[in-house]
Structures are given as C-alpha cells and as structure tokens.
Protein chains: 2
Amino acid sequence: MKVVCIGSGNVATHLASAFKASGADLLQVYSKTLANASALASVLNSQAIDNLDQLDRSADLYLLSVKDDAITSVLKQLKGLKGLVVHTAGAVSLSVFKDQGLSRYGVLYPLQTFSKNRALDFSSVPLCLEAGTAADLRILHQIAAQVSGSVYEVNSDDRKSLHLAAVFACNFSNHLYHLSATLLERNHLDFDMLKPLILETAAKVQTAKPYDVQTGPAVRGDEETMNRHLDLLQDQPSLTSIYETLSKSIKKTYL
Amino acid sequence: MKVVCIGSGNVATHLASAFKASGADLLQVYSKTLANASALASVLNSQAIDNLDQLDRSADLYLLSVKDDAITSVLKQLKGLKGLVVHTAGAVSLSVFKDQGLSRYGVLYPLQTFSKNRALDFSSVPLCLEAGTAADLRILHQIAAQVSGSVYEVNSDDRKSLHLAAVFACNFSNHLYHLSATLLERNHLDFDMLKPLILETAAKVQTAKPYDVQTGPAVRGDEETMNRHLDLLQDQPSLTSIYETLSKSIKKTYL
C-alpha cells in the first residue's frame with residue numbers, strides 16, 4: 001500500500017509510523033514547514049515536500065492530519081485524486097469533503113492522546129471509521145485492521161460526541177493532574193507521590209464503571225472536609241471555582 | 001508484630017491485608033457492625049468484635065481506619081493503650097490525639113484509592129508517616145517498610161495539601177470519566193472506546209509533567225471547537241459549567 005501523509009504533527013507522526021511498521025510504503029510527507037516534513041520523512045524513509053503541487057498522485061491512501069481549520073484549504077489542492085483521502089479529526093464532519101472534487105474520501109479518527117516523543121502501542125488505539133461509500137468503508141476497514149485491533153464504525157455526529165467525551169476524560173483530567181502538581185509544589189512535595197494514585201484511578205475504570213468507584217468527600221456528602229479544602233484554596237479563586245463546580249456535580253450525581 | 005484493626009472499610013481492608021501478608025498477627029478486627037468485622041476478620045484469620053470493651057490491649061499496633069468524624073469518639077475508648085495507635089486519614093491532623101490519654105500515636109496515611117473487591121500491589125502505595133515522638137516515628141518507619149517500598153515523612157499541614165491534591169487528581173478525574181461515560185451513553189456508544197485514552201492519559205504523566213503534555217482545544221485556543229462542544233452540551237447545564245470552568249483554567253494556564 002502506498003501512503004502519503006499530509007501533516008507532520010503528533011497524530012500524523014504516530015499514524016504514519018504505524019502504517020510504515022505494518023509494511024506500507026510512505027511515499028511522501030507534506031508540511032508547509034519543510035523542516036517539519038523532513039523530520040518525519042527521515043524516520044519514515046520518505047520524501048519531504050512543502051508544496052502540494054509536488055504531491056505524488058499515485059498513492060492508495062492520503063492521510064490528512066492537519067489542524068481542523070486547515071482541512072478545507074488543503075482539500076482544495078487535492079482535487080481529482082484517485083486514492084482514498086481520509087482526515088483524522090474528531091470534531092470535523094464527513095461533509096467537509098462535499099463539493100471538493102474528490103470521489104473517494106473518509107475519516108480515520110484515532111481516539112488517543114499522542115505526544116511526539118512518547119512510544120505507544122498503536123494496536124490498541126481505537127480507530128473510528130467513516131467513508132463516503134460502502135465500498136470505501138470496507139476498504140478503510142481493511143486498511144485500519146493493519147494497524148489496530150480496535151476498529152469501530154462511527155458516523156460524524158457520534159464522532160463529535162466521542163471527541164467531546166475525550167475532552168472530559170483526557171484533556172480535563174490532565175489539567176487536574178497539573179493543578180494537583182501545583183498544589184504539591186506550593187508545599188515542596190514531590191509529584192511522584194501522586195503518580196500511583198493517578199495510575200490506579202485510570203486502571204480501576206478499565207474493569208469497573210466510574211460511577212461505581214467514586215470516592216472522596218463529595219460522594220460521602222462530607223461537608224466538613226470540603227469546607228476545610230476550600231479554606232486551603234482561599235487565595236486561589238480558579239481552583240476554588242473548579243473544586244466547587246466538580247463537587248456540586250458529584251453531589252448532584254449521587255446524593 | 002501483633003496488630004489490631006479498628007475499622008473494616010476499604011482502607012482498613014487493604015492495609016490490614018498487607019500487614020497480614022507481611023507476616024503480622026492480626027489479633028482483632030473491630031467494627032460497630034459485627035457482620036462487617038466478621039467479613040474482614042475471616043479473611044485475616046482474626047477475631048471479630050463490635051465492642052471496644054473487648055479490645056485486646058496487648059497489640060503492638062492499632063490501625064484506626066474509621067470515618068474522619070468517628071476518630072475522636074473511638075479514641076476516647078482507647079485510653080491507656082501501650083501500643084502505637086495510628087490513624088490513616090489524610091485530612092485529620094496529628095493533634096486529634098492530644099489529651100486523649102495515649103502516649104504513643106501517629107499517622108499512617110496511604111495515598112491511594114481503594115476498592116474492597118479490587119486487588120492492588122500494596123508495595124507501591126505511598127505511605128505518609130507522622131508520629132508523636134521521634135522514637136515512634138522510627139518505629140513507624142520500620143512498620144511501614146514491611147508493606148510498602150514508598151514511605152514518606154509528611155507533617156499534618158502537608159498531608160492536608162496532599163489529600164486536597166488527591167481529590168483533584170483522583171476523585172475529580174474519576175467523576176470526569178463518569179461524565180464522559182454519560183456522554184457516550186446518550187449516543188449508544190461503548191465506554192470501552194475511551195478506556196485506552198484514559199489509561200494513556202494517566203500513564204503519560206508517570207514520566208512527563210502534566211503541564212507539558214496538555215492537549216485539546218482549550219490549550220490550542222481553538223474557540224471554534226469549544227463553541228461546537230458547548231452547542232452539544234446546551235441541554236446539560238451542569239456539564240456546560242464544568243466545560244467552561246476547566247477550559248477557562250486551561251486557557252489561563254497557557255495562553
């Protein structure tokens with residue numbers, strides 16, 4: 001399979017590397033910044049380009065992993081391609097491909113958080129697929145199965161909900177980790193102390209429902225402890241607001 | 001070492017089981033509900049009691065793992081004990097032992113989230129120690145080292161901050177997992193899809209600083225995506241409030 005990677009960010013890097021590892025031929029990596037294209041292309045034994053006029057038009061698959069708001073402008077330069085063009089964005093509808101002069105298109109959304117310098121077992125990353133035709137959806141299934149054992153068909157509306165759910169489960173949780181780190185720093189305590197707790201909290205819900213394993217003062221209705229916590233936060237209005245908002249939501253869920 | 005466990009909840013169960021596994025002799029398990037004491041005592045090959053008048057006064061260590069607001073009333077019934085009495089509460093100061101007629105006391109706070117039916121490698125659970133005297137702190141170190149390889153000295157003020165940080169990192173994160181599950185349920189999507197993301201988000205900060213691995217629309221200042229997310233949440237005021245509060249905090253942190 002011949003693949004062209006349009007984009008060189010975190011998702012592009014992990015996805016293109018997974019295809020390379022599965023035996024695909026990575027023809028080209030495009031980025032508007034040549035140095036970024038080159039950095040990824042060198043790993044993939046691929047050609048770096050910074051101009052879509054140089055695009056190899058013979059690929060089977062074009063992975064479009066650019067910022068959400070750049071997708072439309074890139075698509076305008078892909079008119080007439082015969083290969084399957086897929087974007088990888090959670091929050092962008094399949095309809096972005098409408099009237100762009102492409103007959104074969106789809107979505108391959110990896111539901112995972114990627115960092116460039118962090119290795120990851122791609123075979124367990126859920127891939128959410130959608131395509132313009134049933135035939136291309138079948139082909140996309142075969143393509144996805146080469147890199148992941150966890151493949152789902154998800155339409156654009158459901159994908160948007162998934163993306164939103166991922167913001168709560170991942171982006172917001174990571175920010176809470178950061179805030180907890182700042183609380184420790186103020187007392188010169190080591191963030192290492194919290195790491196087993198963070199990992200166990202995530203590990204628990206791999207087998208239990210989050211609803212069933214909620215712990216802490218809010219779910220117990222322990223107002224005394226919550227008030228003492230708010231006292232500790234009294235010079236930090238932003239953390240106070242988060243503490244109150246989340247505790248209120250927990251109490252509303254259980255009490 | 002002879003140990004008496006006062007309390008039969010999640011923390012008592014895991015801590016007493018860890019001491020049992022390390023070779024300690026669990027003399028008794030107390031709970032005000034005899035059935036609860038018996039359930040744990042049978043696992044520990046121990047005697048169940050529901051009246052502190054029956055307390056074996058010959059133990060080396062008394063683990064006091066009851067609800068925070070029950071500690072004082074239990075202490076009143078422990079007057080004159082010769083063994084070391086430790087509570088296991090994050091949010092309760094060492095001063096709770098003052099004027100309770102005990103000469104040897106301390107704190108052994110395990111910084112972890114425990115569920116009764118979930119096995120856990122206790123050896124990596126951080127234990128935070130404090131004691132009334134330097135001699136008892138040394139003894140508590142020896143005791144703690146029998147069940148965990150991760151032992152810290154933490155005074156009462158720092159322990160309160162740790163406890164608060166744990167609420168952010170664990171209790172609030174778990175609630176976000178629950179909220180993300182409800183978002184998926186509304187669209188009949190499987191919570192399984194989010195599990196690798198949740199686990200990787202927690203795994204990432206075992207080696208990276210949370211500050212350095214923040215992803216999502218808020219850290220990018222992607223207002224368009226955030227507005228679309230808020231549109232999806234328009235009939236859910238509680239989730240809207242959480243989305244806005246946490247996004248605002250992320251933007252304040254980075255932008």
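Order of the sequence lines sets the chain letters (A, B, ...), proteins ahead of strands, with each chain counted from 1. Only heavy atoms go into these numbers, but all of them, side chains included; no hydrogens, no water, no symmetry mates.
Contact of B/V154 with chain A is made through the side chain alone, with heavy-atom distances under 4.5 Å. Heavy atoms of A/V213 lying under 4.5 Å from chain B belong to its backbone as well as its side chain. Proximity to chain B involves both the backbone and the side chain of A/L111, based on heavy atoms less than 4.5 angstrom apart. Interface residue A/D157: only backbone heavy atoms are found under 4.5 Å from chain B. For chain B, the nearby part of A/F114 is the backbone; its heavy atoms alone come within less than 4.5 Å. Of the atoms belonging to A/D68, it is side-chain heavy atoms, and not backbone ones, that fall under 4.5 Å from chain B. Both the backbone and the side chain of B/I198 come within less than 4.5 Å of a heavy atom of chain A. Interface residue B/V205: backbone and side-chain heavy atoms are both found under 4.5 Å from chain A. Contact of B/K209 with chain A is not made at all, since no heavy-atom distance falls under 4.5 Å. Looking at A/H188, there are no atoms closer than 4.5 Å to chain B (heavy atoms on both sides), in backbone or side chain. Both the backbone and the side chain of A/F172 come within less than 4.5 Å of a heavy atom in chain B. In this structure, chain A has no heavy atom under 4.5 Å from any part of B/N10.
Most heavy-atom pairs under 4.5 Å with chain B: of the set A/L120, A/D192, A/T201, this distinction falls to A/T201. Between chain A and the options B/A181, B/A203, B/C128, heavy-atom pairs under 4.5 Å are most frequent for B/A203. Here A/N174 is the residue among A/L176, A/L179, A/D158, A/N174 with the most heavy-atom pairs under 4.5 Å with chain B. Annotation: maximal heavy-atom pairing with chain B below 4.5 Å, among A/A208, A/A218, A/S150, A/A166, occurs at A/A166. Of the listed residues A/L183, A/L164, A/N187, the one with more heavy-atom pairs under 4.5 angstrom with chain B than any other is A/L164.
The contact list for residues 87-97 of chain B toward chain A, using heavy atoms and a distance under 4.5 Å, reads B/A91 by residue number. Residues of residues 244-255 of chain B lying under 4.5 angstrom from chain A, judged on non-hydrogen atoms, are B/T245, B/L246, B/S247, B/S249, B/I250, B/K252, B/T253 by number. Along residues 223-242 of chain A, the residues that come nearer than 4.5 angstrom to chain B, judged on non-hydrogen atoms, are A/T225, A/R228, A/H229, A/L232, A/L233, A/S238, A/L239, A/S241, A/I242 in order of number.
A/L184 approaches B/S161 most closely through the heavy-atom pair CD2-O, 4.5 Å.
In this structure, the side chain of B/S148 engages the main chain of B/V125 through a donor-acceptor pair within 3.5 Å. Judged by distance alone, with hydrogens and angles left aside, the side-chain atoms of B/Q206 form a donor-acceptor pair with the main-chain N or O of A/K195 at under 3.5 Å.
Under the side-chain contact (heavy atoms from CB on, under 4.5 Å) criterion, A/P196 pairs with B/Q112, B/P126, not counting sequence neighbours.
Checked against B/L127 for a side chain to side chain contact (heavy atoms under 4.5 Å, CB included), the options B/Y109, B/F122, B/Y152 give a single hit: B/F122.
From B/S115, atom OG reaches atom CD of A/Q214 across 10.5 Å, with rounding to the nearest 0.5 Å. Between B/L108 atom CG and B/I143 atom CD1 the span is 8.0 Å, to the nearest 0.5 Å.
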